[in-house]
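For clarity, every value in this text was computed on a predicted model and none was experimentally measured. Here is how names work: the chains are called A, B, and so on, in the same order as the sequence lines, proteins then strands, and each is numbered from 1.
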Protein chains: 2
Amino acid sequence: MKRAAGAEHEILRSAGLRVTPQRVAILKLLRGTRAHPSPEMVYRELKPAYPGLSLNTVYQTLHALEKAGVLRRISMEENVYRFDANVAPHVHLVCRGCGRVDDCNGDLEPLLEHLGREVAARCAWDIRAQDSCFYGYCPGCRSEGKPPKPREEV
Amino acid sequence: MKRAAGAEHEILRSAGLRVTPQRVAILKLLRGTRAHPSPEMVYRELKPAYPGLSLNTVYQTLHALEKAGVLRRISMEENVYRFDANVAPHVHLVCRGCGRVDDCNGDLEPLLEHLGREVAARCAWDIRAQDSCFYGYCPGCRSEGKPPKPREEV
DNA sequence: ACTTGACATCGTAGCAGTTCCTATGTAGTA
DNA sequence: TACTACATAGGAACTGCTACGATGTCAAGT
């Protein structure tokens, strides 16, 4: 349980956080998926390997990592937190059929940065983060009649 | 309580919804504010004028109006629904200090539509809606030391 | 105007996601 | 190895939202 990869170790240390098996596991999971998991999904995924894991710990770890800037919390149409280890500005695609959240491929960063500059120029706010979400139906749900939302996997 | 303005009346009718005092009041409030109220805020605002109003009714009315395309539900970093009577694509500014949600002035619609086209061209999704949020500190919170979030008014 | 059926409203109860509380455990330093 | 501050676990509490059933009301058709 102690021999985790080094990258997560480094990240935690440089964020001023203690290195614990739980934190390494959570961070590793987030960095290894594109599914933007919710706390619940993280918990369900890691519970088999860490039977003693508490959902509470997942929440606290996610908050700590978010505060340290390692993760981003993103908001979907549903009132459930989701987390993303990709901190750079990018577009999220949210399926109203199955609930999955994808990143949009292709280099949209220049466009998003342009949008950010335009917004900053038009208001007197101190902007710290941006998030662009597109809602619709993924290829899978598109072919069917877009059914109500089941539970997706990490 | 029955002599409300005609615009809301029209909107409700053409959406196929019954016209009731509660619905007119809720829609009128939403259309007359830029604060993107949450259900709770709508309730607190209307309760004095409509003492019998139920929070449940607020929820149901907001859902009905959203389903009819009259309102948009937007997602902030907090897990609270917020509603916007402006259905056209525009940018939201969310203050991490006081929690207020503003629209960004200035004509950003072309840019957003451009972004939408780029996204649609890069993925096989059936896009139905888009939302761009910018997080930071409003002019008021910026001048102070960005305090923790109190409750804002409608 | 009056009746009537379908839809709205209200209050309560229930649920799911998140946070609070606190005793116990453990990482990291000396 | 011993110590101390920080993490964890478990459960209880909180909050925003939804489901349910009884009552009330809008509006179409007499």
Side-chain angles (χ1 to χ4, degrees), chain A residues 1-4 8-27 36-44 46-47 49-68 73-83 99 148-151, chain B residues 1-4 8-10 12-27 36-44 46-47 49-68 73-83 99 148-149 151:
Chain A
M1 288 294 125
K2 198 75 75 55
R3 270 302 60 223
E8 288 76 22
H9 208 283
E10 289 293 321
I11 293 169
L12 287 167
R13 293 317 303 273
S14 62
L17 297 167
R18 281 198 181 166
V19 178
T20 69
Q22 293 93 332
R23 292 185 169 182
V24 171
I26 291 170
L27 184 51
H36 310 79
S38 67
E40 176 68 27
M41 291 158 77
V42 171
Y43 178 71
R44 281 209 318 276
L46 294 178
K47 188 71 176 173
Y50 299 80
L53 182 68
S54 160
L55 182 56
N56 196 346
T57 300
V58 174
Y59 275 103
Q60 291 182 197
T61 300
L62 291 172
H63 283 164
L65 291 170
E66 184 202 359
K67 195 174 174 187
R73 185 166 67 178
I74 55 179
S75 302
M76 318 281 78
E77 283 184 326
E78 294 196 318
N79 279 350
V80 181
Y81 292 146
R82 293 230 183 195
F83 289 84
K149 174 169 320 190
R151 275 297 192 178
Chain B
M1 286 296 126
K2 199 76 73 55
R3 271 299 63 221
E8 287 76 22
H9 209 282
E10 289 293 322
L12 287 167
R13 295 315 304 272
S14 63
L17 296 168
R18 280 202 182 161
V19 178
T20 69
Q22 293 92 332
R23 290 185 170 183
V24 171
I26 291 170
L27 185 50
H36 309 79
S38 66
E40 175 68 26
M41 290 159 77
V42 171
Y43 179 71
R44 281 208 318 276
L46 295 178
K47 188 70 175 173
Y50 298 80
L53 183 68
S54 159
L55 181 57
N56 198 345
T57 300
V58 174
Y59 275 104
Q60 291 180 197
T61 300
L62 291 173
H63 281 166
L65 291 170
E66 185 203 359
K67 196 175 173 186
R73 185 166 68 178
I74 56 181
S75 300
M76 317 281 76
E77 284 184 326
E78 293 195 320
N79 278 352
V80 181
Y81 291 147
R82 292 231 183 194
F83 290 85
K149 171 171 322 190
R151 274 295 191 182

If you look only at distance, which donor and acceptor atoms sit under 3.5 Å apart when one is on a side chain in residues 12-19 of chain B and the other is two or more places apart or in another chain?
residue: B/Ser14; atom: OG; partner: B/Glu10; partner atom: O; Å: 3.1
residue: B/Ser14; atom: OG; partner: B/Ile11; partner atom: O; Å: 3.1

Give every donor-acceptor pair under 3.5 Å between a side-chain atom in residues 57-66 of chain A and any protein atom, sequence neighbours left out.
residue: A/Thr61; atom: OG1; partner: A/Thr57; partner atom: O; Å: 2.8

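When every heavy atom of A/Pro37 is checked against every heavy atom of A/Val42, the shortest pair comes out as CB-CG2, 3.8 Å. Minimum heavy-atom separation, A/Gln22 to A/Leu53: CG-CD1, 3.7 Å. Summarising the geometry of A/Leu55 relative to A/Pro39, their closest heavy-atom pair is CD1-O, 4.1 Å, with the distance given to 0.1 Å.
If you take CG of B/Leu62 and C1' of C/dT9, they are 14 Å apart, rounded to a whole angstrom. Between the C1' atom of C/dA27 and the CD atom of A/Gln22 lies a distance of 11 Å, rounded to the nearest Å. The OH-P distance, from A/Tyr50 to C/dG25, rounds to 20 Å in whole Å. Remark: C1' of D/dC6 and NZ of A/Lys67 are 13 Å apart, rounded to the nearest angstrom. Atom CE in B/Met76 sits roughly 16 Å away from atom C1' in D/dG16 (whole-Å rounding). What separates NE2 of A/His9 from C1' of C/dA27 is a distance of 10 Å, to the nearest Å. Rounded to whole Å, the distance from OH on A/Tyr43 to P on D/dG11 is 10 Å. Rounded to an integer number of Å, the gap from B/Glu78 CD to C/dG17 C1' is 14 Å.
Side-chain contact between B/His36 and B/Ile74 is present, with heavy atoms from C-beta onward closer than 4.5 Å.
Across its full length, the helix from C/dA1-D/dT30 to C/dA30-D/dT1 shows an angle of 30° between the axes of its 5 terminal pairs at either end, rounded to 10 degrees.
Of the candidates D/dT8, C/dA8, C/dG28, C/dG28 carries the atom nearest the A/Val19 side chain, counting heavy atoms from C-beta on.
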In B/S/- notation (B base, S sugar-phosphate only, - none; protein heavy atoms under 4.0 Å), nucleotides 17-25 of chain D written 5' to 3' is BBBB----B
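Annotation: the span from A/Ser38 atom OG to A/Glu78 atom CD amounts to 9.5 Å, rounded to 0.5 Å. With rounding to the nearest 0.5 Å, the separation of CD1 in B/Ile26 from OG1 in B/Thr20 is 7.5 Å.
Applying the side chain to side chain donor-acceptor pair (under 3.5 Å) rule to A/Lys47 yields the partners A/Tyr43; only residues at least two apart in sequence or on another chain are considered. Under the side chain to side chain donor-acceptor pair (under 3.5 Å) criterion, A/Glu77 pairs with A/Arg96, not counting sequence neighbours.
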Can you give me the N/O atom pairs linking the protein to nucleotides 28-30 of chain D at distances under 3.5 Å, or say none if there are none?
residue: D/dA28; atom: OP1; partner: B/Arg13; partner atom: NH2; Å: 3.3

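Distances shown here put a side-chain N or O of A/Thr57 below 4.0 Å from the OP1 or OP2 atom of D/dA9. Between B/Arg23 and C/dT9 there is a side-chain polar atom (N or O) within less than 4.0 angstrom of OP1 or OP2.
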